[in-house]
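Each chain gets a letter, A, B and so on, in the order its sequence line appears, and its residues count up from 1.
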Amino acid sequence: MDAHIEDIARCEGQTVTLKGWLHNRRSSGKIHFLTLRDGTGFIQAVMSKQTVGEEAFTRADHLGQETSVVVQGVVRADTRAPGGYEIDVTSLEVVGESHDYPITPKEHGVDYLMDRRHLWIRTPRQHAILRVRHEIIDAVRDFFNGRGFILADTPIFTPAACEGTTTLFPVQYFEDTTAYLTQSGQLYNEANAMALGRVYCFGPTFRAEKSKTRRHLTEFWMVEPEMAYATLDDVMELGEALIVAIVERVLERRRTELETLERDVSRLEAVKAPFPRMSYDEAVEILKKEGLPFEWGGDFGGTDETVLSQRFDRPLLVHRFPSAIKAFYMKPDPARPELALGVDFLAPEGYGEVIGGGERLADLDLLLQRIKEHDLPQEAFEWYLDLRRYGTVPHAGFGMGIERTVAWICGLEHIRETVPYPRMLYRLYP
RNA sequence: UCCUCAGUAGCUCAAUGGCAGAGCAUCCGGCUGUUAACCGGAGGGUUGCUGGUUCGAGUCCAGCCUGAGGAGCCA
């Protein structure tokens with residue numbers, strides 16, 4: 001009977017077939033300890049000379065790390081085993097040999113591992129992270145699908161800057177046109193919301209910024225919901241519910257992986273609604289009290305975000321920023337027009353902004369004025385302006401960075417481990 | 001783009017300006033409960049590149065290359 005390691009507990013006492021790879025091998029003369037992996041988990045297989053015979057035992061003497069093998073054996077509960085179970089091997093078949101595997105059980109440097117990322121992802125830690133990433137993405141989809149949101153993806157090739165602020169990657173589009181890789185689905189999402197009510201897009205986005213920090217990738221995944229007839233308050237509630245749903249889901253289904261990552265799950269268990277909320281004004285007061293050299297009107301730096309978020313055990317919502325530091329499409333606060341109805345979600349433990357969003361500018365004249373102020377080419381935004389010409393409504397939405405969310409939930413030092421093949425400044429291989 | 005740090009065996013790292021070293025990996029031998037297994041032995045070097053100082057440079061100086069951490073910007 002074929003079996004997978006992740007549900008080996010259900011096979012206790014039975015003879016099973018595992019198809020996988022040899023992760024590591026130890027031997028003490030008449031007994032081999034083979035750590036196997038099959039993509040679903042890791043388990044130790046015990047091969048004794050007595051059981052399999054001299055010939056088969058000797059053949060297993062020189063199996064290299066990552067040799068692909070099909071192993072038959074009996075599942076046995078064992079308190080000494082990390083997962084609680086072991087396999088007593090009855091037969092072993094080599095599918096593909098492996099010699100001089102580059103990633104040995106000892107430590108390696110980041111550069112070395114990054115050059116071998118295609119092999120690095122086989123290790124227990126990376127395996128656990130990618131499985132948590134999958135669970136987070138699955139939770140995100142279930143969350144929106146279960147609330148009546150329609151997945152309406154936005155283009156990756158775009159004709160011009162969405163926001164005109166950050167740097168874009170140009171690509172040649174046939175003979176004589178330059179296209180740009182999207183940095184946000186935001187504007188198209190608004191059009192989709194006017195067509196479908198509540199929508200979300202979920203895809204890769206690209207930023208050609210020469211950022212060199214543990215929080216940045218040049219290619220990252222973002223989920224962006226957008227709702228017609230919605231306000232800033234709706235966005236804050238939706239984002240809060242989304243994060244709660246993600247954390248609950250990972251705690252429920254990926255305990256084993258969090259354990260592998262040595263994540264302090266009590267920090268995740270504390271993430272429950274309601275999240276603390278404060279205005280930008282209040283945040284500035286706190287930063288000043290903490291003695292940071294921060295002036296009203298500026299944007300938060302990494303240190304500022306960390307100081308603010310470390311005061312709470314769950315994500316912090318900071319809302320109503322100065323319009324000057326926010327995108328042109330943000331709606332001004334009617335009570336104080338110098339403020340924008342935007343919100344940032346700052347993850348706890350210093351992980352920074354995971355969600356950014358707010359209420360959009362629905363008024364045609366004001367939007368035209370903002371486009372002029374930001375020195376943007378109006379003709380490129382005519383389609384976007386149409387959304388205000390033909391039945392404009394209050395609407396709001398946000399973007400959540402998947403990799404930062406994964407980094408936070410897994411408790412990682414660096415965002416580069418949150419995606420199979422990270423793209424960064426100076427990192428395009430493999 | 002700016003600031004700081006690093007580059008020595010396949011990997012991770014030592015070496016006061018004075019003989020190029022260790023652990024792991026590999027190969028050989030030993031071991032029936034290992035958990036990054038352990039024990040004994042063997043092989044393994046253009047010290048990132050170019051130039052300079054010096055009797056002598058892995059070590060000091062200059063430039064370059066590659067990478068890491070941080071800043072700015074952002075999710």
Only pairs with both distances under 3.5 Å count, Watson-Crick or wobble alike; so what is the partner of [N] in this structure?
N: B:A36; value: none
N: B:G23; value: B:C11
N: B:C73; value: none
N: B:A6; value: B:U66
N: B:A57; value: none

I'd like the [atom1] distance from [M] over to [N], given in whole Å.
N: B:A14; M: B:A22; atom1: C1'; value: 7 Å
N: B:U50; M: B:C55; atom1: C1'; value: 24 Å
N: B:G10; M: B:U26; atom1: C1'; value: 9 Å
N: B:U4; M: B:C19; atom1: P; value: 33 Å
N: B:G58; M: B:U46; atom1: P; value: 13 Å
N: B:G21; M: B:G63; atom1: C1'; value: 31 Å
N: B:U53; M: B:U12; atom1: P; value: 34 Å

Run the salt-bridge test on [X] and [Y] with the 4.0 Å N-O cut-off and return the result as yes or no.
X: A:R215; Y: A:E305; result: no
X: A:E55; Y: A:R59; result: yes
X: A:D264; Y: A:R267; result: no
X: A:K289; Y: A:E282; result: no

Atom [atom1] of [X] to atom [atom2] of [N]: distance rounded to whole Å?
X: A:D111; N: B:G69; atom1: CG; atom2: P; result: 10 Å
X: A:H99; N: B:U26; atom1: NE2; atom2: P; result: 11 Å
X: A:R215; N: B:A75; atom1: CZ; atom2: P; result: 12 Å
X: A:I415; N: B:A75; atom1: CD1; atom2: P; result: 12 Å
X: A:L22; N: B:A25; atom1: CG; atom2: P; result: 14 Å

Assign [X] to base, sugar-phosphate, or nothing according to its heavy-atom contacts below 4.0 angstrom with the strands shown.
X: A:R76; result: base
X: A:I103; result: nothing
X: A:Q65; result: nothing

Residue from A:R116, A:R37, A:R25 passing salt bridge (Lys or Arg N to Asp or Glu O under 4.0 Å) with A:E66
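Result for salt bridge (Lys or Arg N to Asp or Glu O under 4.0 Å) with A:E66: A:R37.
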With hydrogens left out and only the distance checked, is there a donor-acceptor pair under 3.5 Å joining [X]'s side chain and the base of [N]?
X: A:H108; N: B:C11; result: no
X: A:S211; N: B:C73; result: yes
X: A:R116; N: B:C11; result: no

On RNA chain B, check which nucleotide each of A:Y101 and A:G109 is closest to and give me the residue with the more 5' one.
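Per heavy-atom nearest nucleotide, the more 5' residue is A:G109.
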Just checking, any donor-acceptor pair under 3.5 angstrom between side chains of [X] and [Y]?
X: A:Q126; Y: A:E417; answer: yes
X: A:D344; Y: A:Y280; answer: no
X: A:T40; Y: A:D38; answer: yes

OP1 or OP2 of B:A68 sitting under 4.0 Å from any side-chain N/O of A:K212?
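For B:A68, OP1 or OP2 has a side-chain N or O of A:K212 closer than 4.0 Å.
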Between A:H62 and B:U26, does any side-chain N or O lie under 4.0 Å from OP1 or OP2?
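Negative; the distance criterion is not met.
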Picking from B:U12, B:A68, B:A71, which would you name as closest to the side chain of A:V110?
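Looking only at side-chain atoms, A:V110 lies closest to B:A68.
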What is the per-nucleotide protein-contact pattern of nucleotides 34-39 of chain B, from the 5' end, where B denotes a base atom under 4.0 Å from a protein heavy atom, S denotes such proximity for sugar-phosphate atoms only, and - denotes neither?
BBBB--
Identify, with sequence neighbours excluded, every residue that meets side chain to side chain contact (heavy atoms under 4.5 Å, CB included) alongside A:S91.
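Only A:Q72 meet the side chain to side chain contact (heavy atoms under 4.5 Å, CB included) criterion with A:S91.
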